[in-house]
Peer 1: 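Structure provided below as structure tokens; questions to follow.
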Amino acid sequence: MVTPPQYDELEKLYEEHKDKLVILGFPANDFGAQEPGSDEEIAQFCKINFGVTFPIMAKSAVVKGAGQNPVFAWLTNSKLNGWNNQQPEWNFNKYLVNEQGLLVGYYPSGVSPLADEIVAEIEK
């Protein structure tokens, strides 16, 4: 199981690369009631418990289906993004979009935000 320490790793990645990286966190309950509370409560929880300074978006549906957040509809449809159909299978899936708006990477929840392949893609 992937645990909240990924928040710490995401924050570290953000701090190290914020001159060329924006991280957006999307809380979701698609995998059980893992994000209880209002949007404000979730953002505050992330800030207080994990020192998160990157934006936490509104709670969203991230898996395909009725009500899926439009960002994830694009991220998970190869006809829209050019190559990827992989939807999140658990929390902390990571999608990397470059400055030109091209989806350049998908990393499942088991991949650390500080993994070499993610950092290398950011540093290109």
Side-chain angles (χ1 to χ4, degrees):
M1 178 173 156
V2 178
T3 58
Q6 283 211 25
Y7 280 126
D8 293 330
E9 294 174 353
L10 285 165
E11 182 62 26
K12 182 175 181 181
L13 184 71
Y14 180 63
E15 287 297 322
E16 290 176 358
H17 299 282
K18 65 180 167 184
D19 61 321
K20 56 185 158 191
L21 174 70
V22 175
I23 294 177
L24 303 175
F26 286 85
N29 283 335
D30 292 300
F31 313 106
Q34 297 168 322
E35 301 282 0
S38 69
D39 294 336
E40 295 79 20
E41 290 169 332
I42 293 167
Q44 191 68 5
F45 174 84
C46 291
K47 182 178 181 179
I48 290 170
N49 293 290
F50 302 103
V52 168
T53 61
F54 56 83
I56 302 295
M57 310 310 285
K59 194 182 315 184
S60 299
V62 299
V63 297
K64 293 180 182 182
Q68 184 183 31
N69 182 300
V71 171
F72 283 87
W74 181 81
L75 290 170
T76 61
N77 184 332
S78 64
K79 292 177 182 160
L80 301 176
N81 65 49
W83 65 273
N84 182 60
N85 284 317
Q86 183 63 52
Q87 67 178 342
E89 295 175 343
W90 195 250
N91 293 329
F92 294 103
N93 282 238
K94 292 152 284 292
Y95 297 85
L96 195 56
V97 178
N98 71 13
E99 290 176 332
Q100 290 75 41
L102 301 173
L103 179 63
V104 296
Y106 165 75
Y107 308 93
S109 58
V111 176
S112 165
L114 300 172
D116 291 341
E117 62 265 35
I118 294 176
V119 173
E121 189 64 45
I122 293 167
E123 293 178 345
K124 277 187 177 179

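Remember, it's a predicted structure, so these values are computed and weren't measured experimentally. Values reported hereafter were calculated over all heavy atoms of this structure, with side chains retained and with hydrogens, waters and symmetry mates removed. Nothing fancy with the numbering, it's 1 onward along the sequence.
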Peer 1: Would you give the length of the straight line joining atom CG of N84 to atom OH of Y95, rounded to the nearest 0.5 angstrom?
Peer 2: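 Going from the CG atom of N84 to the OH atom of Y95 covers 6.0 Å.
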Peer 1: At what distance, to the nearest 0.5 angstrom, does CG of D30 lie from CG of N91?
Peer 2: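 Reported value, rounded in 0.5 Å steps: 8.5 Å.
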Peer 1: Give, for atom CZ of F54 and atom CG of L21, the distance between the pair rounded to the nearest 0.5 Å.
Peer 2: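 One gets 10.0 Å once the value is rounded to the nearest 0.5 Å.
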Peer 1: If I take atom CD from residue Q86 and atom CG from residue L75, how far apart are they, to the nearest 0.5 angstrom?
Peer 2: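 Between atom CD of Q86 and atom CG of L75 there are 11.5 Å.
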Peer 1: Linking I/L/V/M/F/W/Y whenever any side-chain heavy atoms sit under 4.5 Å apart, do W74 and W83 land together?
Peer 2: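 In one cluster: yes.
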Peer 1: Please confirm whether the backbone N or O of F45 pairs with a side-chain atom of N49, one donor and one acceptor, at under 3.5 Å?
Peer 2: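 Looks like yes, one N/O pair under 3.5 Å.
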Peer 1: Does W90 use its side chain to pair, donor to acceptor, with the backbone of G110 at less than 3.5 Å?
Peer 2: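 Not at all, since once roles are kept as given, no pair shorter than 3.5 Å links the two residues.
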Peer 1: Who passes side chain to side chain donor-acceptor pair (under 3.5 Å) against N85, sequence neighbours left out?
Peer 2: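 Residues passing side chain to side chain donor-acceptor pair (under 3.5 Å) with N85: S78.
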Peer 1: Work out which heavy atom in A28 is nearest to a heavy atom in S60; give both atom names and the distance.
Peer 2: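 Reported closest heavy-atom pair: CB-O, 3.2 Å.
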Peer 1: E99: what forms a side chain to side chain donor-acceptor pair (under 3.5 Å) with it, not counting sequence neighbours?
Peer 2: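 Side chain to side chain donor-acceptor pair (under 3.5 Å) check on E99 returns nothing, list empty.
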Peer 1: Kindly determine whether S109 and E89 satisfy side-chain hydrogen bond (donor to acceptor under 3.5 Å, both in side chains), including the steps that lead there.
Peer 2: CA-CA 8 Å; S109 58; E89 295 175 343; over 6 Å; no
Peer 1: Please output the side-chain donor-acceptor pairs of residues 114-124 that fall under 3.5 Å, not counting sequence neighbours, one pair per line with the distance.
Peer 2:
| residue | atom | partner | partner atom | Å |
| --- | --- | --- | --- | --- |
| E121 | OE1 | K124 | NZ | 3.2 |

Peer 1: Which pairs with one or both residues in residues 16-28 pass side chain to side chain donor-acceptor pair (under 3.5 Å), sequence neighbours excluded?
Peer 2: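 Residue pairs passing side chain to side chain donor-acceptor pair (under 3.5 Å), neighbours aside: E15-K18.
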Peer 1: If every non-hydrogen atom of L24 is compared with every non-hydrogen atom of M57, which pair is closest and at what distance?
Peer 2: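 Answer, listing the atom of L24 first, then M57: CD2-SD, 3.9 Å.
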Peer 1: Would one find more than 12 heavy atoms of other residues, nucleotides or ligands at under 6.0 Å from atom NZ of K64?
Peer 2: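 Yes, NZ of K64 has more than 12 neighbouring heavy atoms, counting only those of other groups under 6.0 Å.
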Peer 1: Would you check if the side chain of Q6 reaches a backbone N or O of P113 as a donor-acceptor pair within less than 3.5 Å?
Peer 2: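 No, Q6 side chain to P113 backbone: no donor-acceptor pair under 3.5 Å.
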Peer 1: Between N93 (side chain only) and Y106 (backbone N and O only), is there a donor and an acceptor less than 3.5 Å apart?
Peer 2: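 Looks like no, no N/O pair under 3.5 Å.
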Peer 1: Got a second to check how far Y7's OH is from Y14's OH, nearest 0.5 Å?
Peer 2: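 Those atoms lie 15.5 Å apart.
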Peer 1: For residues G37 and I42, report the shortest heavy-atom separation together with the two atoms involved.
Peer 2: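 Heavy-atom minimum between the residues: O-CD1, 3.8 Å.
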Peer 1: So, do D39 and P27 sit near enough that their side-chain heavy atoms are less than 4.5 Å apart?
Peer 2: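 Side chain of D39 against side chain of P27, heavy atoms only: no contact under 4.5 Å found.
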Peer 1: Can you sort out the partners of F26 under ring pair (Phe, Tyr, Trp, His ring centres under 6.0 Å), two or more places apart, ordered by chain and number?
Peer 2: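 Ring pair (Phe, Tyr, Trp, His ring centres under 6.0 Å) list for F26, sorted by chain: F72.
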Peer 1: Going by side chain to side chain donor-acceptor pair (under 3.5 Å), name the residues that satisfy it together with K59, two or more places apart in sequence or in a different chain.
Peer 2: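 Listed in chain order: nothing, the list is empty.
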Peer 1: Is the backbone of S112 close enough, under 3.5 Å, to the side chain of E9 for a donor and an acceptor to pair up by distance?
Peer 2: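 Absent.
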Peer 1: Nearest 0.5 Å, what's the CD1-CD1 distance between I56 and I23?
Peer 2: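 The CD1 atom of I23 is 9.5 Å from CD1 of I56, to the nearest 0.5 Å.
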